[in-house]
Amino acid sequence: MNVEIDQSDARSVLRLNEERIDAHNAGELKNSLLNALEDGCRLLIVDLAAVHFIDSSGLGALLSGYKNANLRQARFVLTGLQARVRSMFELTRLHRVFEIAEHVGDVVVNP
Amino acid sequence: MNVEIDQSDARSVLRLNEERIDAHNAGELKNSLLNALEDGCRLLIVDLAAVHFIDSSGLGALLSGYKNANLRQARFVLTGLQARVRSMFELTRLHRVFEIAEHVGDVVVNP
Amino acid sequence: MHKNRFTLDLRVPGRTEYLSLVGSIAECVAQRLDHYRGDREALAFHLNVVVTEAVGNAIRHGLSEHQQSRVRLCIEVRGDELIIEVHDRGQGFDLCSLSEACPDDLDEGGRGLFLMRSLMDSVSYRRTRAGNVLEMRKRLR
Amino acid sequence: MHKNRFTLDLRVPGRTEYLSLVGSIAECVAQRLDHYRGDREALAFHLNVVVTEAVGNAIRHGLSEHQQSRVRLCIEVRGDELIIEVHDRGQGFDLCSLSEACPDDLDEGGRGLFLMRSLMDSVSYRRTRAGNVLEMRKRLR
Ligand SMILES: Nc1ncnc2c1ncn2[C@@H]1O[C@H](COP(=O)(O)OP(=O)(O)O)[C@@H](O)[C@H]1O
Ligand SMILES: Nc1ncnc2c1ncn2[C@@H]1O[C@H](COP(=O)(O)OP(=O)(O)O)[C@@H](O)[C@H]1O
């Protein structure tokens with residue numbers, strides 16, 4: 001799994017450089033998210049701008065990150081959803097669960 | 001087979017509106033070419049600008065048109081070859097057989 | 001592509017690295033349904049999703065240790081009906097006992113069949129002597 | 001996609017309307033060879049060509065009237081070798097008796113095998129009891 005992490009005091013941005021998230025790499029995504037949260041960040045932004053396709057196991061991996069962030073009282077935000085990816089959140093109603101912003105720059109750090 | 005014919009006194013232009021020419025539609029292409037030549041045109045320009053892919057049976061259909069044009073002392077010119085299509089002519093050395101021009105407009109009508 | 005008939009019968013190893021390939025093959029099929037009047041891009045995406053989910057399940061839940069671990073995928077168009085079959089050789093399961101509702105917001109799993117049911121007109125699962133078959137149908141309008 | 005192993009086993013009806021589908025499936029395979037260092041676009045195009053030619057021949061020359069008229073295509077990667085097989089059930093032919101040279105300029109046919117030989121490292125054709133197999137190999141560098 002090709003991820004890029006950009007950490008600062010205020011937030012970590014995890015950029016997913018994969019066109020496709022499915023059962024083949026969802027486990028790795030889950031681990032990457034947990035690692036990023038274990039580093040103690042308060043706000044984790046997961047940027048999906050490169051992702052064209054996500055299946056239910058990819059959504060499950062993101063949910064696992066979201067729940068882990070909640071436990072640690074960290075904020076978990078998704079950005080850069082392409083139309084097909086967004087429609088997967090809508091079909092499964094997970095767009096109501098996640099905090100979703102258009103661009104990384106749109107996420108206000110201390111709201 | 002989706003072809004568009006634009007006829008004038010000086011020349012006929014047969015525009016092939018198919019992305020792909022293979023054994024499935026090569027027979028139809030051959031017939032379209034023969035029909036155009038039977039209409040008595042002196043110069044037939046076959047514009048391949050829409051074609052992404054051509055196989056050996058497509059090349060064979062064009063050769064059949066070329067030979068038929070020769071018999072009738074008509075000129076037969078190909079235009080609009082995309083890179084992949086051009087490479088098929090080069091692999092089979094047919095670029096030396098056909099008269100090939102870049103655009104329809106490049107074909108000088110009475111050379 | 002011929003108006004009313006189409007069949008494709010595909011076998012790939014039962015490993016998740018093949019999911020992207022079977023998904024894109026399903027997209028190829030949709031792109032070639034010349035006579036489909038609806039949104040072909042959307043259909044292609046939806047077939048990618050349901051095939052990925054169904055083949056993913058066959059790999060995760062449906063592989064038997066005794067058999068060569070291959071998954072068989074058939075895609076067929078009959079008249080205006082599209083039929084997708086995914087064959088597995090595992091223990092099988094009872095589709096009717098699964099709720100048709102969307103799983104709870106925080107459940108990590110269980111959205112595969114929900115998606116297949118949402119995007120296709122019908123989903124069924126049957127056990128046969130030769131193995132199990134998940135069948136999904138969709139009317140192409 | 002896994003570095004050194006890949007297999008796909010596909011059966012489609014023996015009708016020319018399937019050529020574009022098998023060609024684009026071959027392109028999909030090439031696009032997914034993550035470890036190929038060469039020009040993947042060119043490889044995809046060349047696989048589209050050779051698969052179209054080989055399956056086209058199996059349809060034109062290799063269908064038997066007695067058998068269900070399906071064509072089987074296998075694509076396999078073993079180590080750094082790509083192997084494509086096209087199975088037919090027809091009379092077969094003697095590949096060795098065909099000239100390897102490019103056909104005469106004005107011949108309308110006979111360029112299929114020339115293209116397969118030009119774009120792949122080796123092409124062979126064997127008759128087995130279960131039918132005939134055209135095999136093409138290419139080293140992936
Ligand atoms: N091919 C199959 N063989 C056996 N069990 C299956 C199969 N497909 C699905 N199931 C069962 O149905 C359940 C729900 O499947 P699904 O909605 O795709 O969610 P998930 O796979 O994420 O659990 C699975 O957890 C599994 O128990
Ligand atoms: N699968 C096959 N079964 C029987 N004969 C074949 C097969 N493939 C090729 N041939 C024979 O080899 C010849 C050369 O094939 P090819 O170079 O592809 O050109 P074409 O198909 O245009 O004649 C064919 O004309 C045919 O006689």
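As the structure is a prediction and not an experimental result, all values here were calculated from the model. Every chain is numbered from 1, with letters handed out A, B, ... down the list of sequences.
- Only the side chain of D:L115 comes within contact range of chain B, with at least one heavy atom under 4.5 Å from a heavy atom of that chain.
- Chain D forms more heavy-atom pairs under 4.5 Å with one residue of B:D55, B:L62, B:L59 than with any other, namely B:D55.
- By the 6.0 Å contact criterion, CZ on D:R126 is enclosed, its count of non-hydrogen atoms from other residues, nucleotides or ligands being greater than 12.
- Interface residues of residues 93-109 of chain D toward chain B, defined by a heavy-atom distance below 4.5 Å and sorted by number: D:C102, D:D105, D:L106, D:D107, D:E108.
- Inspection of non-hydrogen atoms places D:V49, D:T52, D:E53 of residues 49-56 of chain D under 4.5 Å from chain B.
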Under the criterion side chain to side chain contact (heavy atoms under 4.5 Å, CB included), I'd like the reasoning laid out for B:H52 against D:F45: C-alpha separation, chi angles, the key distance, then a yes or no.
CA-CA 10 Å; B:H52 296 328; D:F45 168 50; over 6 Å; no
Pair D:N48, B:R20 - check side chain to side chain contact (heavy atoms under 4.5 Å, CB included), show working.
CA-CA 11 Å; D:N48 190 341; B:R20 191 178 153 105; 3.0 Å; yes
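- Only the side chain of D:L119 has a heavy atom closer than 4.5 Å to any heavy atom of chain B.
- The structure places CG of B:N25 at 11.5 Å from CD of D:E17, a figure rounded to the nearest 0.5 Å.
- Enclosure of atom CG in D:D39 by more than 12 non-hydrogen atoms of other residues, nucleotides or ligands within 6.0 angstrom is indicated.
- Taking the side chain to side chain donor-acceptor pair (under 3.5 Å) definition, one finds that B:E18 meets it with nothing, sequence neighbours left out.
- Contacts of residues 26-42 of chain B with chain D at a heavy-atom distance below 4.5 Å involve B:K30, listed in sequence order.
- With a 6.0 Å radius and a threshold of 12 heavy atoms from other residues, nucleotides or ligands, B:E102 has its CD atom at or below the threshold.
- D:S20 is not listed as a side-chain neighbour of B:E19, based on a closest heavy-atom distance of 4.5 Å or more.
- In this structure, CZ in B:R84 is found 8.5 Å from NE2 in D:H46, a value given to the nearest 0.5 Å.
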Run the side chain to side chain contact (heavy atoms under 4.5 Å, CB included) check on D:R111 and B:L94 step by step: do they pass?
CA-CA 11 Å; D:R111 286 181 184 78; B:L94 289 173; 3.6 Å; yes
